[in-house]
Colleague: 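One structure, pasted below without further comment.
Basis for what follows: all heavy atoms, side chains included, without hydrogens, waters or symmetry-related copies. Values in this document were obtained by computation on a predicted structure and should not be read as measured data.
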Amino acid sequence: AGEPVVGEATPGYMFWRHGPATVAGRIDETLPDVRLMAILRNPIDRARSAVLHHIEMGALAAGTDVLEYVRSVDPERDFLGIIAGGWYARSLEPFRERFADRLLVLLHDDADEDPRSVYNAALRHVGLAPDFAPPELERVRFSFRPTGGHPELDLPVAGQLMYTSI
């Protein structure tokens, strides 16, 4: 497009069900000089957000017993990716192998604590000087916010997700 840097964001590239190795290969073949970033969220927070998103979108019924759901579905075959969506090591490995230093891994918690440093690291990674920051940088957050009045996933359930055997 003639732009020095073009960005695009989707968590779907790392979803286990999409085959991260295949996706990494396609990206590298299509964009051989691309520089990638992965921002990893706490897996429990990510699962909680996914549940709320799927309830809002109608893929999960409000009131679904989340623990029963994740125990009853093979994570590798879970279309919703409640558990497998947080398999960062397995999902990132093909990207790390293929892209090496062209992949920057950042943590969502770091972006919450020090958004300017994370933003500057991202700019440096793609070859830009950290001399521009949007005025709202300190308060920009990308997170699912339910709009249908569905109850939040309670904290005991979220905590138990961590210990659910898969």
Colleague: Looking at every non-hydrogen atom in both residues, tell me the closest pair between W87 and P75 and how far apart they are.
Modeller: CZ2-CB, 3.4 Å
Colleague: Nearest 0.5 Å, what's the NE2-CD1 distance between H108 and I39?
Modeller: 7.5 Å
Colleague: Of all the heavy-atom pairs spanning S117 and D114, show the shortest one and how long it is.
Modeller: OG-OD2, 2.5 Å
Colleague: Just how far is it from atom CG of N42 to atom CG of L107, taken to the nearest 0.5 Å?
Modeller: 10.0 Å
Colleague: Side-chain donor-acceptor contacts of residues 77-85 below 3.5 Å, not counting sequence neighbours, with atom names and distances?
Modeller:
unit_1, atom_1, unit_2, atom_2, d
D78, OD1, Y69, OH, 2.6
D78, OD1, L80, N, 3.0
D78, OD2, G81, N, 3.3
D78, OD2, I82, N, 3.0

Colleague: Can you name the residues that form a salt bridge (Lys or Arg N to Asp or Glu O under 4.0 Å) with R46, not counting sequence neighbours?
Modeller: none
Colleague: Has the side chain of Y88 got a donor or acceptor atom that lies under 3.5 Å from a matching backbone atom of M14?
Modeller: no
Colleague: For E8, enumerate each residue passing the side chain to side chain contact (heavy atoms under 4.5 Å, CB included) test, keeping only those at least two apart in sequence or located in another chain.
Modeller: T10, Y13
Colleague: Hey, are the side chains of V105 and L103 touching, using non-hydrogen atoms and a 4.5 Å cut-off?
Modeller: yes
Colleague: Could you tell me the separation between the NE2 atom of H54 and the CG atom of L52, rounded to the nearest 0.5 Å?
Modeller: 10.0 Å
Colleague: Under a 4.5 Å side-chain heavy-atom rule over Ile, Leu, Val, Met, Phe, Trp and Tyr, are F15 and M37 clustered together?
Modeller: no
Colleague: Answer yes or no: is there a side-chain heavy-atom contact under 4.5 Å between V34 and I27?
Modeller: yes
Colleague: Only pairs under 3.5 Å count here: list side-chain donor-acceptor contacts from residues 120-133, not counting sequence neighbours, and write none if there are none.
Modeller:
unit_1, atom_1, unit_2, atom_2, d
N120, ND2, R116, O, 3.4
H125, ND1, R35, NH2, 3.3
H125, NE2, L36, O, 2.9
H125, NE2, R102, O, 3.1

Colleague: What's the shortest heavy-atom distance between F99 and A24, and which atoms?
Modeller: CZ-O, 3.6 Å
Colleague: So, taking the atom named OG in S49 and the one named CD1 in I44, what distance separates them when rounded to the nearest 0.5 Å?
Modeller: 12.5 Å
Colleague: For atom CG of L104, is the number of surrounding heavy atoms from other residues, nucleotides or ligands below 6.0 Å larger than 12?
Modeller: yes
Colleague: Please tell me if the side chains of L106 and L40 come closer than 4.5 Å, counting only heavy atoms from C-beta onward.
Modeller: no
Colleague: Can you list everything that forms a salt bridge (Lys or Arg N to Asp or Glu O under 4.0 Å) with R26? Sequence neighbours excluded, please.
Modeller: none
Colleague: If you compare all heavy atoms of S91 against all heavy atoms of P20, which two are closest, and at what distance to 0.1 Å?
Modeller: O-CB, 3.4 Å
Colleague: State which residues pass side chain to side chain donor-acceptor pair (under 3.5 Å) with E76; sequence neighbours excluded, sorted by chain then number.
Modeller: R90
